[in-house]
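Proteins come first, then strands; the chains are lettered A, B, ... in the order of their sequence lines, and each starts at number 1. Every heavy atom of this structure was used, including side-chain atoms; hydrogens, water molecules and symmetry mates were not.
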2 protein chains.
Amino acid sequence: MNTVSAIGTAVRAQRGRVEALFDALARCGRTDPGFTRPSYSPEETEAHAVVTRCAADLGLAIGRDAAANTTLTLPGRDRSLPPILIGSHLDTVARGGNFDGAAGVVAGLAAVAALGALELTPARDITVMGIRAEESVWFQVSYIGSRAALGTLPEGALDVARIDDGLSLATHIARAGGDVDALRRGPPALDAAAIHAFLEVHIEQAPSLEEAGIPVGLCTGIPGNVRYPDVRIVGRPDHVGTPRRFRRDAAMAGAEIALALDRVWAAREAEGCPMAVTFGRFHTDAAVHGLTTVPGAFRFSLDMRAYTAVVLAELETAFLAAVAEVSERRGVTVALGPRAEAGVGAVCPRIRDGLAAAAEALGIAIRPLGSPASHDAAAFAKAGVPMAMLFVRNANGSHNPDEAMATDDLLDAAAILTAWLVAETCGG
Amino acid sequence: MNTVSAIGTAVRAQRGRVEALFDALARCGRTDPGFTRPSYSPEETEAHAVVTRCAADLGLAIGRDAAANTTLTLPGRDRSLPPILIGSHLDTVARGGNFDGAAGVVAGLAAVAALGALELTPARDITVMGIRAEESVWFQVSYIGSRAALGTLPEGALDVARIDDGLSLATHIARAGGDVDALRRGPPALDAAAIHAFLEVHIEQAPSLEEAGIPVGLCTGIPGNVRYPDVRIVGRPDHVGTPRRFRRDAAMAGAEIALALDRVWAAREAEGCPMAVTFGRFHTDAAVHGLTTVPGAFRFSLDMRAYTAVVLAELETAFLAAVAEVSERRGVTVALGPRAEAGVGAVCPRIRDGLAAAAEALGIAIRPLGSPASHDAAAFAKAGVPMAMLFVRNANGSHNPDEAMATDDLLDAAAILTAWLVAETCGG
């Protein structure tokens, strides 16, 4: 028997299971348009129940850690060996899509199901992990579930308020069935040194693969970021007819700061240096703004990301210089607010090469791809766990209702993952 | 007796009445900070009741027109002669100040009270008019009360929705005690050809007088404006890591359009050409924006104003050129939405010169001042009524809680107004 061809066939036979999983997930937090499964919300918990029911059907061992992450384990022959984790998240942004995050959990389940169908028992445990609270939009803290499991949550994170309802992360974790006391007390659920590898499948969040006509991307690195989630500019509200020399227009100051950084991005990108700068929230104050008032206040969020620490520092320096110059000239004050950063996430070359070899053996076209986004995988890499990622082609970007991933492409990624698992841990 | 000195004394004797009026008005719609008396709201109606009670104390004839404007009339010797109107508005923007608008009604009452104290009966009626709904922020239509009285409301204005509660202007007028059927049916309450003059006292909305150390400004003209109250940019929401070439960032497009126009303003102003450009609302969509999403939508309001039609056209051309260039380059679409305009308002030279002579006789320093803002007076000027305005020094701009007008300065303006009334219509 041609093992590789059998693996491909076994994974493709999971199509019905995969489709049923996405259908069931699509009933969790549907908001029309899109899906809204906030971190630690009942809708996210429902999504965890969906993947748990599938795992029960597959006979996996089901667990939940103190951060309410779900673990779905295919036991290995030697349960004392460090396990392989395959994980991604099940929360979404507001009115996001059904695939960002969830596709990685579904791919993991498809791979484990295929191993079962092939009657292969791994040498070590393979755990599919449904991770909580990856989307930083809700608590303005990233990878909460991963970092809670690894014991690397930043100081004070449990007391951060959810941006819309003002309740603390601790409150939301408790409501979702987590154990906040255990999180505060430790030890963490996972010991990074005792994890063999962390793999994550994720839809691509830009259309590079679509553009290239290739179904799967092989991650070459995860960008680090520097974030200012809540910058506030205070100028002075004035009548719409106020002469220019008297104005302290907070909105025009915000526009100038943003475009100063946008110009840096355009110039460096033209030189071949990849990065991204995003002002996701960028707004006057809805409580007081109006047609006939010069904006006295302006707020924005800023996310800067790049693949090296040097480029990140360059962006931050340009931002702070623009803040200083514009605030002086426009007579406004700028409160930068909290600052957050995440280091660049390095991919394990051995696993990356193994995945490439698996793709080649299966005859699936792949291409190397720098991740545009941060992922749970970055938290594991930072903790010292050997990490790799696969991206699945997706036409319309993510974090929007129009995410478009073909099941065939997901099955290609799951096949590569399965073939790697077979080579890595299902050998004689 | 020195008449001019007696006029000054009689007006300054109104200090207690003036302060009591502002105190009573400050209890209408106090929102801490500031005052919120929306157009046709119960809070605005309360302010009309305050000035009406004062007029009753003064023995004035009290009236209300179909648009619920309040008229407070000192009858003249010949009631068939065209009256002199002294008016301003009693509504405010959200969290505005207590003086924008109201100061003009109070000044009118102080002048009429002084005439009474001087036992002077005018030749013709003098009517103090408490005008409704001048602030265009609520219905995005300007001078509603004035234009309803003059029969010059734009087509469809009665069916426009208030920006926050969505109820029509007609509904709000009816709730405030107006007669919408009469407004629709006509004839209007005022015949412009049968008005002798319209005078308005208003706080200055910039600190030019404060800067110059002069209590009263003599209006040389009211700017015309072109407005786009609700421009909407549609781009595409994308993940925060989306590479630059794929983005259609609606917020960065908005920032570029705004700054293109801001640069035109800066350059022309440096050449000595006065104008103003204001993006009062300038914002991403609070329902979907977030730290990790490229803005797919952006909205703004735009007010452009200048003292000649040529400069106004120049600004509008620059705006539309920026919209075309930026939308093409950024891959976004721009829906301009409704457009509104108001013509330049010319001051009557005869009245202006009469006010200047009155100030000189009283020994009150004045300076000529182009109005930065539009005013009810512009609606009267456009209808063909001879019009003039006085501005009162005000430190902190208007449309904000920190408006700072000294009672002494208001009394100076009222004294000039009173001396003009005496010369114009109280002669033998």
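Separating the NE2 atom in A:H289 from the CZ atom in B:F282 is a distance of 12.5 Å, to the nearest 0.5 Å. Rounding to the nearest 0.5 Å places CD of A:Q205 at 13.0 Å from CZ of B:F246.
Residue with the most contacts toward chain A among B:A373, B:S136, B:A287, B:A94: B:A373 (heavy-atom pairs, distance under 4.5 Å). Ranking B:R236, B:R244, B:M275 against chain A, the residue ahead of the rest is B:R244, based on heavy-atom pairs under 4.5 Å. Of all the listed residues (A:P237, A:G290, A:A206), the one sharing the greatest number of non-hydrogen pairs under 4.5 Å with chain B is A:G290. Put simply, of B:N396, B:T242, B:L259, B:D303, the one with the most heavy-atom pairs under 4.5 Å next to chain A is B:L259. When each of B:T284, B:N400, B:D402 is checked for heavy-atom pairs under 4.5 Å with chain A, B:T284 comes out on top. Top candidate by heavy-atom pairs under 4.5 Å with chain A, chosen from B:P274, B:P295, B:G296, is B:P295. Contacts with chain B were tallied for A:P243, A:P401, A:S398, A:G397; A:S398 has the most, counting heavy-atom pairs under 4.5 Å. Per-residue counts of heavy-atom pairs under 4.5 Å with chain A were compared for B:S374, B:A266, B:G96; the largest is that of B:A266.
At a 4.5 Å heavy-atom cutoff, the contact between A:E269 and chain B is made by side-chain atoms alone. For A:A251, the parts sitting under 4.5 Å from any heavy atom of chain B are the backbone and the side chain alike. Residue A:L302 touches chain B through its backbone alone, counting heavy-atom pairs closer than 4.5 Å. For B:R95, the part lying near chain A is the side chain, with the backbone staying farther off; criterion is any non-hydrogen pair under 4.5 Å. Within the 4.5 angstrom heavy-atom criterion, only side-chain atoms of A:F298, from C-beta onward, approach chain B. Heavy atoms closer than 4.5 Å to chain B are found in the side chain of A:E211, but not in its backbone. Residue contact with chain B, scored on non-hydrogen atoms closer than 4.5 Å, involves the backbone and the side chain of A:V294 alike. Proximity to chain B (any heavy atom under 4.5 Å) is shown, for A:D249, by neither the backbone nor the side chain. Proximity to chain B is limited to the side chain of A:R305, based on heavy atoms less than 4.5 angstrom apart.
Ion pairing between a basic and an acidic side chain is recognised when a charged N comes within 4.0 Å of a carboxylate O; A:D262 and B:R247 show no such pairing. Under 4.0 Å is where a charged nitrogen must lie from a carboxylate oxygen, and between A:D285 and B:R281 no such pair does.
You'll find the side chain of B:F279 reaches within 4.5 Å of the side chain of A:M252, heavy atoms only. The side-chain heavy atoms of B:H399 and A:T292, taken from C-beta on, include a pair separated by under 4.5 Å. A:S208 is listed as a side-chain neighbour of B:R245, based on a closest heavy-atom distance under 4.5 Å.
Residues of residues 222-230 of chain A placed with any heavy atom under 4.5 Å of a heavy atom in chain B are listed by number as A:R227, A:P229.
The aromatic rings of B:H375 and A:H239 lie parallel to each other, with less than 30° between the two planes, well short of the 60° mark.
Within the 3.5 Å criterion, the main-chain N or O of A:V240 finds a donor-acceptor partner in the side chain of B:T278.
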